[in-house]
Peer 1: 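Please find one structure pasted underneath; my questions will follow.
These figures come from a predicted structure and were not determined experimentally.
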Amino acid sequence: MSISGKKILIAVTGGIAAYKIHFLIRDFIKKGADVRVIMTPDSENFVTKLSLATLSKNPVYSDFYGENGTWNSHVELALWADVMIVAPCTANTLAKMVHGICDNLVIATYMSAKCPVFIAPAMDLDMYQHPSTRQNLELAEDFGHIVIPAEKGELASGLTGQGRMAEPETVSEIIEAFLDSEKNNNFEGKTVLITAGPTYEAIDPVRFIGNHSSGKMGFSLAEEAAKRGARVILISGPSSQKAVHKNIELFRVVSAKEMLEKVFQFYEKVDIAIGSAAVADYAPKEVAKEKIKKNDEHLIIELVKNPDILKTMGEKKVNQFLVGFALETQNEEENAKGKLEKKNLDMIILNSLRDEGAGFRKDTNKIKIFTKTGKEEFDLKSKTEVAKDIFNFIETQYLK
């Protein structure tokens with residue numbers, strides 16, 4: 001794991017979201033990191049040194065001087081860290097960081113840091129949207145820092161909007177993705193297009209035809225490609241999944257036709273394309289303009305065939321390395337091999353609903369990969385690990 005053995009310095013500032021840092025520290029410690037924490041004086045109104053020191057297993061500092069007049073060296077702390085995270089980062093601390101107002105231990109340490117710096121802002125929605133805050137976030141990014149955007153939700157003020165600090169698991173995933181990307185850059189300079197999730201085909205303004213795809217597999221593939229240095233274009237149907245890596249450009253669509261249109265905005269210039277979306281095969285011929293009332297015992301909906309996005313990609317393939325997915329319930333291998341040939345794919349990934357733990361809405365998957373010259377089978381694994389297996393295999397085929 002990329003976080004294991006890393007020295008992570010967390011700078012906590014005076015916002016209500018400081019309570020989330022306990023969860024972040026525990027996650028880093030579980031993953032084998034060495035964690036140290038520094039605080040602004042105001043942050044002690046929200047969390048205690050004792051709780052943070054207990055979780056991090058290291059002393060916590062908020063001042064330049066210790067109880068016995070010893071100096072808490074900001075230089076030593078800054079040079080010790082492999083990664084520095086300012087979380088939560090208030091508007092006040094952000095402004096001090098980008099304008100060099102060095103009046104506490106956190107800012108002094110930040111200004112001595114040579115490592116990558118991550119910023120997880122947290123503030124009320126009007127403060128977050130204020131022009132000064134937006135400008136300061138842009139300045140931070142210009143400095144080369146990585147800003148983890150605030151999320152939408154209920155805020156301490158009682159208002160609802162963007163300003164909540166990203167959840168600890170999101171912060172952890174972004175940092176881990178960054179550290180992973182430093183290890184394997186085999187796809188640097190390559191563009192990878194991935195489709196994910198289901199498509200919803202409207203029946204009327206409130207109803208649709210769809211399927212149970214969560215998009216987890218496609219999003220895991222996107223994260224893995226980004227970690228390996230690729231620019232990733234992720235086109236997703238309706239899904240609650242989030243893309244966290246900075247190399248991912250996420251486009252959300254709803255229907256198969258919208259997905260087809262979005263795919264071919266980019267397809268001509270991509271190096272690798274992976275069709276993992278569960279695209280609806282059929283759509284209603286006509287979409288009712290108003291909600292259909294429940295008046296009759298039977299309702300007949302005429303369906304028409306949707307465009308076959310993967311097949312169209314195969315027909316228009318020039319130099320792209322094209323990968324498809326096949327979710328089957330019978331004659332699995334035969335059907336997968338047939339799709340490989342008919343759709344002009346370079347490889348196809350088979351998963352079967354007969355395999356326990358595989359398929360839609362699962363965190364795990366079990367796959368077989370077919371090419372025109374052979375196949376490889378894999379055990380049941382988390383979709384994150386499956387994504388690694390898939391890209392390891394792609395490397396053997398595409399980069400050989």
Peer 1: Tell me whether Phe266 is reachable from Leu322 by hopping between hydrophobic residues (I, L, V, M, F, W, Y) whose side-chain heavy atoms are closer than 4.5 Å.
Peer 2: yes

Peer 1: Identify, with sequence neighbours excluded, every residue that meets side chain to side chain donor-acceptor pair (under 3.5 Å) alongside His74.
Peer 2: none

Peer 1: Which side chain to side chain donor-acceptor pair (under 3.5 Å) pairs, counting each pair once, include a residue from residues 46-61, with sequence neighbours left out?
Peer 2: His22-Ser51, Asp34-Asn58, Thr48-Ser51, Lys49-Ser62

Peer 1: Begin with the C-alpha distance, continue with both residues' side-chain angles, and end with the deciding distance and a verdict on salt bridge (charged side-chain N to carboxylate O under 4.0 Å, His left out) for Lys368 and Glu332.
Peer 2: CA-CA 10 Å; Lys368 297 178 183 178; Glu332 289 100 337; over 6 Å; no

Peer 1: Do other residues, nucleotides or ligands put more than 12 heavy atoms under 6.0 Å from the CD atom of Glu376?
Peer 2: yes

Peer 1: With heavy-atom distances below 4.5 Å as the criterion, would you say the side chains of Leu250 and Phe219 are in contact?
Peer 2: yes

Peer 1: Are Ile21 and Leu55 packed together at the side-chain level, in the sense that at least one heavy-atom pair is separated by less than 4.5 angstrom?
Peer 2: no

Peer 1: Answer with yes or no whether the side chains of Asn247 and Arg228 bring together a donor and an acceptor at under 3.5 Å.
Peer 2: no

Peer 1: Does anything in residues 102-131 form a salt bridge (charged side-chain N to carboxylate O under 4.0 Å, His left out)? List the pairs, not counting sequence neighbours.
Peer 2: Lys96-Asp103

Peer 1: What heavy-atom pair brings Val263 and Leu193 nearest, and what distance separates the two atoms?
Peer 2: O-CD1, 3.8 Å

Peer 1: In the structure I gave you, are the side-chain heavy atoms of Glu286 and Glu302 within less than 4.5 Å of one another anywhere?
Peer 2: no

Peer 1: Does atom CD of Glu333 have more than 12 heavy-atom neighbours from other groups under 6.0 Å away?
Peer 2: yes

Peer 1: Could you name each residue pair satisfying salt bridge (charged side-chain N to carboxylate O under 4.0 Å, His left out) that touches residues 306-326, not counting sequence neighbours?
Peer 2: Asp308-Lys343, Lys317-Asp346

Peer 1: Using the side-chain contact (heavy atoms from CB on, under 4.5 Å) definition, which of the options Val386, Ile369, Ile349 pairs with Phe378?
Peer 2: Ile369

Peer 1: Are the side chain of Thr371 and the backbone N or O of Met347 linked by a donor-acceptor pair below 3.5 Å?
Peer 2: no

Peer 1: Is Phe64 atom CZ crowded by more than 12 heavy atoms from other residues, nucleotides or ligands, each under 6.0 Å away?
Peer 2: yes

Peer 1: Mind checking what makes side chain to side chain donor-acceptor pair (under 3.5 Å) contact with Thr199, not counting sequence neighbours?
Peer 2: Glu201

Peer 1: Closest heavy-atom contact between Ala33 and Ile3?
Peer 2: CB-CG2, 3.6 Å

Peer 1: Under the salt bridge (charged side-chain N to carboxylate O under 4.0 Å, His left out) rule, what pairs show up with a residue in residues 127-151, not counting sequence neighbours?
Peer 2: Glu151-Lys242

Peer 1: Looking at side-chain heavy atoms only, is the closest gap between Met97 and Cys89 below 4.5 Å?
Peer 2: yes

Peer 1: How many angstroms lie between atom OH of Tyr200 and atom CZ of Arg207, to the nearest 0.5 angstrom?
Peer 2: 15.5 Å

Peer 1: For Asn331, does the CG atom have more than 12 heavy-atom neighbours from other residues, nucleotides or ligands under 6.0 Å away?
Peer 2: yes

Peer 1: Say whether Ile38 and Val86 are linked into one hydrophobic cluster, either directly or through other cluster members, by side-chain heavy-atom distances under 4.5 angstrom.
Peer 2: yes

Peer 1: Going hydrophobic residue to hydrophobic residue with side-chain gaps under 4.5 angstrom, can you get from Ile10 over to Ile16?
Peer 2: no

Peer 1: Verify salt bridge (charged side-chain N to carboxylate O under 4.0 Å, His left out) between Glu261 and Lys257, making sure each step is shown before the conclusion.
Peer 2: CA-CA 6 Å; Glu261 182 180 345; Lys257 289 182 179 178; over 6 Å; no

Peer 1: Roughly how far, to the nearest 0.5 Å, is CG of Asn104 from OG1 of Thr109?
Peer 2: 8.5 Å

Peer 1: For Lys30, I'd like to know if atom NZ has over 12 heavy atoms of other residues, nucleotides or ligands within 6.0 Å.
Peer 2: no

Peer 1: For residues Ile235 and Ile272: do they belong to one hydrophobic cluster (side chain heavy atoms under 4.5 Å, members Ile, Leu, Val, Met, Phe, Trp, Tyr)?
Peer 2: no

Peer 1: Would a single hydrophobic cluster contain both Phe28 and Leu77, if residues Ile, Leu, Val, Met, Phe, Trp and Tyr are joined by side-chain heavy-atom contacts under 4.5 Å?
Peer 2: no

Peer 1: If I compare all heavy atoms of Met39 with all of Val60, which pair ends up nearest, and what's the gap?
Peer 2: SD-CG1, 3.5 Å

Peer 1: Atom CG of Leu380 and atom CG of Asn351: how far apart are they, to the nearest 0.5 Å?
Peer 2: 11.0 Å

Peer 1: Determine, step by step, whether Lys293 and Glu290 satisfy the salt bridge (charged side-chain N to carboxylate O under 4.0 Å, His left out) criterion, reporting the C-alpha distance in whole Å, the side-chain angles of both residues, the deciding distance to 0.1 Å, and the verdict.
Peer 2: CA-CA 9 Å; Lys293 294 297 183 181; Glu290 305 293 341; over 6 Å; no

Peer 1: Under the 3.5 angstrom rule, does the side chain of Asp27 hit a backbone N or O of Phe23 as a donor-acceptor pair?
Peer 2: no

Peer 1: Going from CZ on Arg231 to OG1 on Thr191, what distance comes out if it is rounded to the nearest 0.5 angstrom?
Peer 2: 5.0 Å

Peer 1: Measure across Ala122 and Met165 and return the closest heavy-atom pair with its distance rounded to 0.1 Å.
Peer 2: CB-CB, 3.6 Å

Peer 1: Return yes if some donor-acceptor pair links the side-chain N/O of Asn306 with the main-chain N/O of Ala280 below 3.5 Å, else return no.
Peer 2: yes

